Amino acid sequence: QVQLVESGGGLVQAGGSLRLSCAASGRTFSTYAMGWFRQAPGKEREFVSAISPSGSSIYYADSVKGRFTISRDNAKNTAYLQMSSLKPEDTAVYYCAARRALPLHIDYNVPFKYDYWGQGTQVTVSS
């Protein structure tokens with residue numbers, strides 16, 4: 001089992017940047033694929049990005065491609081989401097998630113395919 005804690009959210013102006021962190025407990029972080037999702041008020045949770053256990057495979061939603069970068073440091077048990085050129089429509093609660101059973105290329109953008117979730121961190125982008 002793994003516990004996830006997000007941090008790094010906040011209020012930023014459009015065009016600004018933020019880096020989210022997702023700290024994981026346990027010794028097996030390097031065996032988990034990690035995903036970032038977001039949920040805006042009144043909307044469903046949507047996929048943002050995912051990274052394989054080794055970091056060799058990465059996926060992005062079209063809406064963030066070229067602006068967001070996912071990474072991980074297995075030595076620090078932490079995954080990151082660097083967000084740049086932020087837009088008001090990026091405003092949401094951002095969640096990190098982990099899973100181990102499935103290869104990342106299978107349903108990487110499906111929330112219920114992830115086993116563990118953090119509590120979320122609020123990102124607000126003002127216009």
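On a predicted model such as this, the values are computed, not experimentally measured, just so you know.
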Return a table of donor-acceptor pairs under 3.5 angstrom between the side chains of residues 13-34 and protein atoms on other chains or two or more places apart.
{"residue": "S25", "atom": "OG", "partner": "Q3", "partner atom": "N", "Å": "2.9"}
{"residue": "T31", "atom": "OG1", "partner": "T28", "partner atom": "O", "Å": "2.6"}
{"residue": "T31", "atom": "OG1", "partner": "R100", "partner atom": "NH1", "Å": "3.3"}

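- Taking hydrophobic clusters as Ile, Leu, Val, Met, Phe, Trp and Tyr residues chained together by side-chain heavy-atom distances below 4.5 Å, Y116 shares a cluster with Y94.
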When the side chains of residues 101-112 are checked against the rest of the protein, which donor-acceptor pairs come out under 3.5 Å, sequence neighbours left out?
none

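- In terms of heavy atoms, Q39 sits closest to K43 at NE2-O, 3.1 Å.
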Run the side-chain donor-acceptor check on residues 78-89: report pairs under 3.5 Å with partners two or more places apart or on a different chain.
{"residue": "T78", "atom": "OG1", "partner": "K76", "partner atom": "O", "Å": "2.8"}

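- Checked against side-chain hydrogen bond (donor to acceptor under 3.5 Å, both in side chains), D115 has no partners two or more places apart in sequence or in another chain.
- Residue pairs satisfying the disulfide bond (SG atoms under 2.5 Å apart) criterion with at least one member in residues 97-127, sequence neighbours excluded, are absent.
- Among residues two or more places apart in sequence or in another chain, the salt bridge (Lys or Arg N to Asp or Glu O under 4.0 Å) test is passed with R72 by none.
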Where do V93 and R38 land on the side chain to side chain contact (heavy atoms under 4.5 Å, CB included) test, with the steps shown first?
CA-CA 5 Å; V93 177; R38 66 187 181 186; over 6 Å; no
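- Between the T91 side chain and the V125 main chain, a donor and an acceptor come within less than 3.5 Å of each other.
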Verify ring-ring contact (aromatic ring centres under 6.0 Å, His included) between F37 and W117, making sure each step is shown before the conclusion.
CA-CA 10 Å; F37 292 78; W117 291 84; 5.1 Å; yes
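- Remark: T124 pairs with Q122 by the side-chain hydrogen bond (donor to acceptor under 3.5 Å, both in side chains) rule, at least two apart or across chains.
- Scanning for side-chain hydrogen bond (donor to acceptor under 3.5 Å, both in side chains) contacts around S54 gives S56, with sequence neighbours left out.
- Side-chain heavy atoms closer than 4.5 Å link hydrophobic residues (I, L, V, M, F, W, Y) into clusters, and following such links, possibly through other members, connects V64 to V123.
- For R99, the side-chain hydrogen bond (donor to acceptor under 3.5 Å, both in side chains) test picks out no residue, with sequence neighbours left out.
- Evaluation of the side chain to side chain contact (heavy atoms under 4.5 Å, CB included) rule for K65 yields Y60, D62 as partners, not counting sequence neighbours.
- Hydrophobic cluster membership differs between F47 and W36, with clusters built from Ile, Leu, Val, Met, Phe, Trp and Tyr side chains linked at under 4.5 angstrom.
- Taken from CD1 in I51 to OG in S71, the straight-line distance is 6.0 Å, to the nearest 0.5 Å.
- Hydrophobic clustering of Ile, Leu, Val, Met, Phe, Trp and Tyr side chains at less than 4.5 Å, counting indirect connections, keeps L4 apart from Y114.
- Using a distance-only test at 3.5 Å, with no hydrogens or angles considered, a donor-acceptor pair links the side chain of E6 to the main chain of C96.
- Every pair tested for disulfide bond (SG atoms under 2.5 Å apart) that includes a residue from residues 28-74 fails, sequence neighbours excluded, so the list is empty.
- The disulfide bond (SG atoms under 2.5 Å apart) contacts involving residues 31-75 comprise nothing, where partners must be two or more places apart or lie in separate chains.
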Where do I70 and Y59 land on the side chain to side chain contact (heavy atoms under 4.5 Å, CB included) test, with the steps shown first?
CA-CA 9 Å; I70 192 171; Y59 299 92; over 6 Å; no
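- Between A98 and V2 the shortest heavy-atom distance is CB-CG1, 4.2 Å.
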